There are 2 protein chains.
Amino acid sequence: MTKKSIPSPRTKRPPEPDPACGQAEHAQVPLRVVVDPEALKRASEIFRALGDPARLRILTLLMAGPRCVTELATDLNDNLPAVSQRLKLLKSERIVSNRRQGKHIYYALLDEHIAQLVMTGLSHAVEDIPGIRRPTAKSLPD
Amino acid sequence: MTKKSIPSPRTKRPPEPDPACGQAEHAQVPLRVVVDPEALKRASEIFRALGDPARLRILTLLMAGPRCVTELATDLNDNLPAVSQRLKLLKSERIVSNRRQGKHIYYALLDEHIAQLVMTGLSHAVEDIPGIRRPTAKSLPD
DNA sequence: CACACACTTAATAGATTGATTGAATGAGCA
DNA sequence: TGCTCATTCAATCAATCTATTAAGTGTGTG
């Protein structure tokens, strides 16, 4: 039963620190932004989960409301198992939730957080596209 | 010279669509959230780049201001080449920028976007941690 | 009760990723 | 100019991830 999900980065970190620059070339600011390691890990997990076009697309679909797997697969023009697995992964990462409704199983975004995060990422992404066609105003289709 | 960086999802997508549920079991809402594919791709790239604890940590350090590679490596307690490669990746994803200052090369977050995205992710992550000690007060179940 | 539908699970194989070591580049300095 | 420091480059290798096909589970229905 190989649970797990997105955790493990190739892993193997803490060697011995190098002597580094030396004395005090750069102002010795402690700085120490030190985000709680747990938060850091969780955040990276979430980011990683969003870091795949297929998964992200699923999430954008889900932003419009709950949908069942078949529906998603149809919209994405993809296999059922594939979509199912992605949903499973997203669920294990606590990004979506599923609920059985009669014959179907509806998936939905778990939080408002997620929706907001996705939107934030997308909107920032739009502004960062190399060769952009930026609809100046608000992409208001007819 | 295998450039590239984070793009390629395992690749191989568009098979033939399954007949799907059938007639009209679920209201046939077109819905069409259709985020520009480019934006979708870019967003997923960014997310993926943030989706690693080590890289994310680097970014949190950079949120406090530019730092050189050695400094980062020292703070992260990690090898120079490792840090350098991560920075290279982050740079290729247009997430950080580097600038030579005398003997050192200082890296910094490229955008305010990135900083905001990181912060958003982190703050949301904090709220989603299973066993949390939540500083703020919101749904404070006791 | 048996069939069909909706979805999940299993297992394999391909591909990508990232760590690691050692060498190379480039700038400052004696 | 030669040397040292700071950083990058290159290539290998292990580990992980995802796609894919086929079989399994469970629910509703005739």
Side-chain angles (χ1 to χ4, degrees), chain A residues 1-16 18-23 25-26 44-45 48-49 51-55 58 67-74 76 78-93 96 98-107, chain B residues 1-16 18-23 25-26 44-45 48-49 51-55 58 67-74 76 78-93 96 98-107:
Chain A
M1 209 223 247
T2 15
K3 259 272 283 316
K4 288 270 219 88
S5 25
I6 282 187
S8 45
R10 227 119 281 75
T11 353
K12 189 184 299 184
R13 197 61 49 63
E16 44 189 301
D18 268 282
C21 296
Q23 30 264 29
E25 310 218 22
H26 7 62
S44 66
E45 285 173 358
R48 206 220 243 294
D52 177 89
R55 289 191 296 253
I58 289 180
R67 321 219 23 182
C68 73
V69 185
T70 311
E71 221 173 349
L72 289 170
T74 302
L76 296 168
D78 204 345
N79 310 308
L80 229 51
V83 176
S84 180
Q85 291 209 45
R86 288 183 204 131
L87 287 170
K88 178 187 172 189
L89 193 158
L90 290 173
K91 181 163 182 273
S92 77
E93 289 300 324
V96 302
N98 60 358
R99 180 175 58 100
R100 171 155 237 143
Q101 181 104 1
K103 197 189 292 189
H104 304 262
I105 296 184
Y106 283 89
Y107 280 82
Chain B
M1 211 223 253
T2 15
K3 257 273 285 311
K4 271 322 195 64
S5 28
I6 282 187
S8 47
R10 226 116 282 75
T11 352
K12 190 185 295 185
R13 199 58 51 64
E16 43 189 299
D18 268 282
C21 295
Q23 30 262 32
E25 311 217 21
H26 6 61
S44 66
E45 285 174 358
R48 206 218 242 297
D52 178 89
R55 289 191 296 253
I58 289 180
R67 321 214 32 176
C68 74
V69 185
T70 310
E71 221 172 348
L72 289 171
T74 303
L76 296 168
D78 204 345
N79 310 308
L80 231 52
V83 176
S84 181
Q85 291 210 45
R86 289 183 204 129
L87 287 170
K88 177 187 172 189
L89 193 157
L90 289 172
K91 179 160 184 276
S92 76
E93 289 299 323
V96 302
N98 59 359
R99 181 175 59 100
R100 172 155 237 144
Q101 180 105 0
K103 197 190 291 190
H104 305 262
I105 296 183
Y106 283 89
Y107 280 83

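Because the structure is a prediction, the values reported are computed rather than measured.
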- Task: Let me know the distance between CG of Asn98(B) and P of dG26(C), rounded to the nearest Å.
- Result: 15 Å

- dT8(D) phosphate, OP1 or OP2: any side-chain N/O from Tyr107(B) under 4.0 angstrom? yes

- Look at the side chain of Asn79(B) and the backbone N and O of Pro81(B), then say whether any donor-acceptor pair between them is shorter than 3.5 Å. no

- Task: Please report, rounded to the nearest Å, how far the P atom of dT17(C) is from the CG atom of Leu90(B).
- Result: 14 Å

- What's the spacing between Ile105(A) CD1 and Leu87(A) CG if we round to 0.5 Å? 10.0 Å

- Note on the structure: Atom CZ of Arg48(A) and atom P of dT16(D) are separated, to the nearest Å, by 11 Å

- With the side chain of Ala82(A) defined as its heavy atoms from C-beta on, choose the nearest nucleotide among dT8(C), dT20(D), dT18(D). dT20(D)

- Correct closest heavy-atom pair for Ala82(A) and Asp78(A) would be CB-OD1, 4.0 Å

Restricting both atoms to N or O, compile the protein contacts to nucleotides 28-30 of chain C shorter than 3.5 Å, with distance only.
residue : atom : partner   : partner atom : Å
dG28(C) : OP1  : Gly102(B) : O            : 3.4

- Hey, is the side chain of Gln85(B) pairing donor to acceptor with the base of dT17(C) inside 3.5 Å? no

- Query: Using a cut-off of less than 4.0 Å, is there contact between a side-chain N or O of Asn79(A) and OP1 or OP2 of dA19(D)?
  - Reply: no

- Which atom names give the shortest non-hydrogen contact between Ala49(B) and Leu90(B), and what distance separates them? O-CD2, 4.1 Å

- Task: Look at the side chain of Lys88(A) and decide which nucleotide, out of dG18(C), dT9(C), dT8(D), has an atom nearest to it.
- Result: dT9(C)

- Task: Starting from C1' on dC17(D), measure out to CD on Glu45(A) and report it in whole angstrom.
- Result: 15 Å

- Smallest heavy-atom separation, Arg48(A) atom then Arg55(A) atom, equals O-NH2, 3.2 Å

- Task: Could you pull out all residues at least two apart from Arg99(A) that satisfy side-chain hydrogen bond (donor to acceptor under 3.5 Å, both in side chains)?
- Result: Gln101(A)

- Just how far, in rounded Å, is C1' of dA27(C) from OH of Tyr106(B)? 14 Å

- Task: Return the value, rounded to whole Å, for the distance between atom CG of Asp52(A) and atom C1' of dT16(C).
- Result: 12 Å

- Query: Nearest to the side chain of Leu80(B) - dT8(D), dT8(C), dG18(C)?
  - Reply: dT8(D)

- CD1 of Ile105(A) versus C1' of dT27(D): gap in Å, rounded? 10 Å

- Indicate yes or no: at least one non-hydrogen side-chain atom of Tyr107(A) is less than 4.5 angstrom from one of Val69(A). yes

- Task: Measure from CZ on Arg86(A) to P on dT8(C) and round the result to the nearest Å.
- Result: 13 Å

